[in-house]
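Heads up, the thing below is written out as structure tokens.
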Amino acid sequence: MGILFVLIIGLGVAVYILAKINQNNKKNANKFYAMFLLNLQWMTNLQGKKSIADYLWDKGYRRVAIYGMSDLGKALMNELKESELTLEYVIDRNAGEVFVDRPVLTPDDDFPETDVIIVTPFLQYEAIKSLLQNKSSCDVLSIKDIVNEM
């Protein structure tokens with residue numbers, strides 16, 4: 001009886017762990033698919049001679065900051081470097097691990113004035129936007145919204 005009980009408990013724990021792993025895999029798959037779609041649209045825009053820099057310029061933005069320096073943040077930074085816009089600084093939770101040729105701030109730092117902060121972790125945009133709007137009076141835009149509006 002005791003062995004049967006232990007086996008049933010063990011089976012229940014194994015099923016629970018496998019369900020959690022499956023849930024995390026689905027979550028990651030959805031995240032990477034959303035990033036794929038964003039990158040595909042960004043590439044399509046570039047092939048059509050539409051750049052994020054031109055979009056921002058046309059909206060009246062001249063001084064820009066980027067929130068999030070993962071792959072999307074780095075790609076955006078590279079595109080903006082080739083433009084007339086001024087990339088003032090970047091913001092990242094892991095600022096100590098970001099090595100770029102602009103000031104790197106954490107979300108806890110005070111932000112110098114800029115025209116717009118572009119949020120690259122677009123799946124967390126609303127939460128990040130709320131945080132940034134409490135610290136800065138500038139516009140806060142999602143990279144996904146920019147790419148889709150171009």
- Query: Are R62 and D115 within salt-bridge range, i.e. N to O under 4.0 Å?
  - Reply: no
- Task: Without swapping roles, check the side chain of T44 against the backbone of L40 for a donor-acceptor pair under 3.5 Å.
- Result: yes
- Item | Working for side chain to side chain donor-acceptor pair (under 3.5 Å), residues N78 and E82 | CA-CA 7 Å; N78 287 333; E82 304 299 321; over 6 Å; no
- So if you build clusters from Ile, Leu, Val, Met, Phe, Trp, Tyr with side-chain heavy-atom gaps below 4.5 Å, do Y55 and I117 land together? no
- Any chain of hydrophobic side-chain contacts (each under 4.5 Å) joining L46 to L72? yes
- State whether the side chain of S83 and the backbone N or O of L80 hold a donor-acceptor pair below 3.5 Å, judged by distance alone. yes
- Query: Which atom names give the shortest non-hydrogen contact between Y125 and V119, and what distance separates them?
  - Reply: CD1-CB, 3.8 Å
- Message: Tell me whether V147 shares a hydrophobic cluster with I118, the cluster being built from Ile, Leu, Val, Met, Phe, Trp, Tyr side chains joined at under 4.5 Å.
- Response: yes
- Query: Can you check side chain to side chain contact (heavy atoms under 4.5 Å, CB included) on K144 and N148, steps first, answer last?
  - Reply: CA-CA 6 Å; K144 180 180 178 187; N148 289 331; 3.5 Å; yes
- Ignoring hydrogens and angles, tell me if any N or O in the side chain of T86 forms a donor-acceptor pair with the backbone of E88 under 3.5 Å. no
- Task: Write down the atom of L131, the atom of P107, and the distance for their closest heavy-atom approach.
- Result: CD2-CB, 3.7 Å
- Atom CD1 in I146, atom OG in S51: separation rounded to 0.5 Å? 11.0 Å
- Message: Does D58 have more than 12 heavy atoms from other residues, nucleotides or ligands lying within 6.0 Å of its CG?
- Response: yes
- Item | Any donor-acceptor pair under 3.5 Å from N39 side chain to M35 backbone | yes
- For the student: nearest non-hydrogen atoms of L105 and Y89, plus distance: CD1-CD1, 3.4 Å
- Message: If hydrophobic clusters are built from ILVMFWY residues whose side chains come within less than 4.5 Å, do L123 and I66 share one?
- Response: yes
- Main-chain N/O of D109 paired with K135 side-chain donor or acceptor, under 3.5 Å: yes
- For M69, does its backbone N or O pair with a side-chain atom of D92 as donor and acceptor, under 3.5 Å? yes
- Message: For the backbone of L141 and the side chain of D145, can you confirm whether one donor and one acceptor N or O come within less than 3.5 Å of each other?
- Response: no
- Heavy-atom side-chain proximity of C138 to T114 below 4.5 angstrom: yes
- Message: Return the NZ to CD distance between K129 and Q124, rounded to the nearest 0.5 Å.
- Response: 15.5 Å
- Message: Using a 6.0 Å cut-off, check whether atom NZ of K81 has over 12 heavy atoms from anything other than its own residue.
- Response: yes
- Note on the structure: Between M77 and R102, the two heavy atoms sitting closest are CE-CG, 3.8 Å
- Message: Are L76 and L37 connected into the same hydrophobic cluster when the rule is that any two of I, L, V, M, F, W, Y join if their side-chain heavy atoms are below 4.5 Å apart?
- Response: no
- Task: State whether the side chain of R63 and the backbone N or O of E113 hold a donor-acceptor pair below 3.5 Å, judged by distance alone.
- Result: yes
- Heavy-atom closest pair, residues I52 and E79: N-OE2, 2.5 Å
- Donor-acceptor pair, side chain of T120 and main chain of Y67, under 3.5 angstrom: yes
- Task: Could you grab the distance from atom CE of M43 to atom CG of L38, nearest 0.5 Å is fine?
- Result: 11.0 Å
